[in-house]
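Note that ligands are numbered from 1 as they come in the structure, with each ligand's atoms numbered from 1 the same way.
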Amino acid sequence: FYSEEKTEDYLFKIVLIGDSAVGKSNLLARFARDEFYPNSKSTIGVEFQTQKIDINGKEIKAQIWDTAGQERFRAVTSAYYRGAVGALVVYDISRRQTFDSIGRWLNELHTHSDMNVVTILVGNKSDLKDAREVSTAEGKALAEAQGLFFMETSALDSSNVVAAFQTVVKEIYHILS
Ligand code: GDP
Ligand code: MG
């Protein structure tokens with residue numbers, strides 16, 4: 001039989017934020033194209049990339065926004081955040097300074113978007129074990145204090161990359177349905 005079940009369209013805008021060089025563009029490249037750029041420059045940043053995700057048999061489109069390097073100048077515009085329902089706030093576990101910036105990024109996110117934007121704190125570059133400057137426990141504690149999801153990822157070896165994006169998309173879907 002031909003199924004007449006109504007197909008609903010879900011399109012979720014999700015933004016990537018965090019200091020320069022934490023791996024935002026590579027997380028997106030790994031997730032959307034299974035690619036990695038060992039020496040990426042900010043120029044690889046696209047405005048956004050749409051990726052289909054299956055949640056409970058429903059096709060969901062995640063429109064994931066990446067900066068083109070403007071975070072270096074603290075010049076991420078309000079247009080970037082507008083309409084976002086999800087956010088990945090990324091630091092680099094091998095650079096404490098990028099973890100110290102998280103509070104500022106959360107403030108900026110909440111200034112420019114809805115308070116209820118589903119947010120995951122992402123400690124990227126988990127492959128750099130010998131260079132680690134931020135412990136997993138510290139990341140977890142910050143996430144708990146701020147009411148965020150938390151995951152450590154590696155765009156290099158792929159660990160938790162899909163899971164991090166899926167966590168956000170699943171939660172948004174859960175809230176909206
Ligand atoms: P962005 O400025 O936050 O978009 O960061 P990029 O994605 O451009 O990455 C900055 C640099 O970190 C590049 O040289 C990447 O190859 C590198 N990088 C990104 N993710 C990882 C990772 O998970 N592990 C390692 N070892 N390097 C990474
Ligand atoms: Mg980038």
Side-chain angles (χ1 to χ4, degrees), residues 12-51 62-84 86-113 117-140 142-143 146 148-169:
F12 299 159
K13 176 175 175 178
I14 295 168
V15 292
L16 281 158
I17 52 175
D19 281 1
S20 191
V22 296
K24 299 180 298 298
S25 297
N26 274 280
L27 285 167
L28 181 53
R30 177 63 77 195
F31 179 57
R33 306 187 294 276
D34 200 16
E35 287 171 0
F36 182 78
Y37 304 92
N39 288 301
S40 64
K41 298 270 145 53
S42 52
T43 46
I44 69 161
V46 289
E47 192 174 33
F48 62 78
Q49 186 127 356
T50 306
Q51 181 73 6
Q63 187 187 70
I64 302 153
W65 287 60
D66 185 22
T67 68
Q70 64 267 41
E71 71 276 22
R72 230 176 318 158
F73 316 106
R74 299 195 171 185
V76 179
T77 60
S78 53
Y80 186 76
Y81 294 98
R82 194 168 303 132
L88 283 81
V89 186
V90 187
Y91 65 95
D92 172 349
I93 64 128
S94 73
R95 279 193 299 143
R96 166 148 314 260
Q97 185 200 313
T98 66
F99 183 68
D100 294 338
S101 297
I102 292 296
R104 185 173 65 76
W105 285 112
L106 290 174
N107 280 340
E108 178 145 324
L109 176 66
H110 292 142
T111 302
H112 293 290
S113 63
V117 58
V118 174
T119 307
I120 185 169
L121 179 65
V122 175
N124 189 43
K125 309 197 188 182
S126 60
D127 58 282
L128 295 178
K129 294 184 179 68
D130 297 335
R132 181 186 281 275
E133 289 184 0
V134 184
S135 71
T136 304
E138 283 175 282
K140 243 183 217 165
L142 177 61
Q146 299 287 331
L148 315 172
F149 291 98
F150 174 68
M151 226 167 255
E152 287 189 343
T153 60
S154 169
L156 174 67
D157 70 18
S158 301
S159 76
N160 273 342
V161 174
V162 172
F165 284 98
Q166 266 182 348
T167 297
V168 171
V169 170

If you measure from each non-hydrogen atom of Pro38 to ligand 1, which part falls under 4.0 Å: side chain, backbone, both or neither? backbone

Need the ligand 1 atom indices (1-based, order shown) with element for anything under 4.0 Å from a heavy-atom of Leu128. 26 (N)

The residue among Thr153, Leu88, Val161 that forms side-chain contact (heavy atoms from CB on, under 4.5 Å) with Phe31 is Val161

Please list, chain by chain and in numerical order, all residues satisfying salt bridge (Lys or Arg N to Asp or Glu O under 4.0 Å) with Asp34, sequence neighbours excluded. Arg30

Below 4.5 Å, heavy atoms only, C-beta onward: do Ile17 and Glu108 meet side chain to side chain? no

Looking at residues at least two apart in the chain, or sitting in another chain, which of them share a ring pair (Phe, Tyr, Trp, His ring centres under 6.0 Å) with Tyr81? His112

Which of these, Ser158, Ser25, Ser154, has its nearest heavy atom closest to atom 4 (O) of ligand 1? Ser25

I need the minimum non-hydrogen distance between Leu27 and Ala155, along with the two atoms involved. N-CB, 3.9 Å

Ligand 1 contact on Phe36 by region, counting heavy-atom pairs under 4.0 Å: side chain

For Glu71, take its heavy atoms, then give the atoms of ligand 1 lying under 4.0 Å from any of them. 2 (O)

Closer than 4.0 Å to some heavy atom of Tyr37 - which atoms of ligand 1 meet that? 15 (C), 16 (O)

Any side-chain heavy atom of Met151 sitting closer than 4.5 Å to one from Val168? no

So Asp92 and Thr98, side-chain hydrogen bond (donor to acceptor under 3.5 Å, both in side chains) or not? Walk me through it. CA-CA 6 Å; Asp92 172 349; Thr98 66; 5.4 Å; no

Mind checking whether Leu156 contacts ligand 1 via backbone (N, CA, C, O), side chain (CB onward), both or neither, at a 4.0 Å heavy-atom cut-off? both

Determine whether the side chain, the backbone, both or neither of Asn124 has a heavy atom under 4.0 Å from any heavy atom of ligand 1. side chain

N, O or S from Thr67 under 2.8 Å to the Mg ion (ligand 2): no

Looking only at distances, please establish whether an N/O atom of ligand 1 is found under 3.5 Å from an N/O atom of Thr153. no

For ligand 1, which is the ligand I care about here, please tell me if Asp127 has any N or O atom under 3.5 Å from one of the ligand's N or O atoms. yes

Got a sec: does the CD of Glu138 have more than 12 other heavy atoms crowding it under 6.0 Å? yes

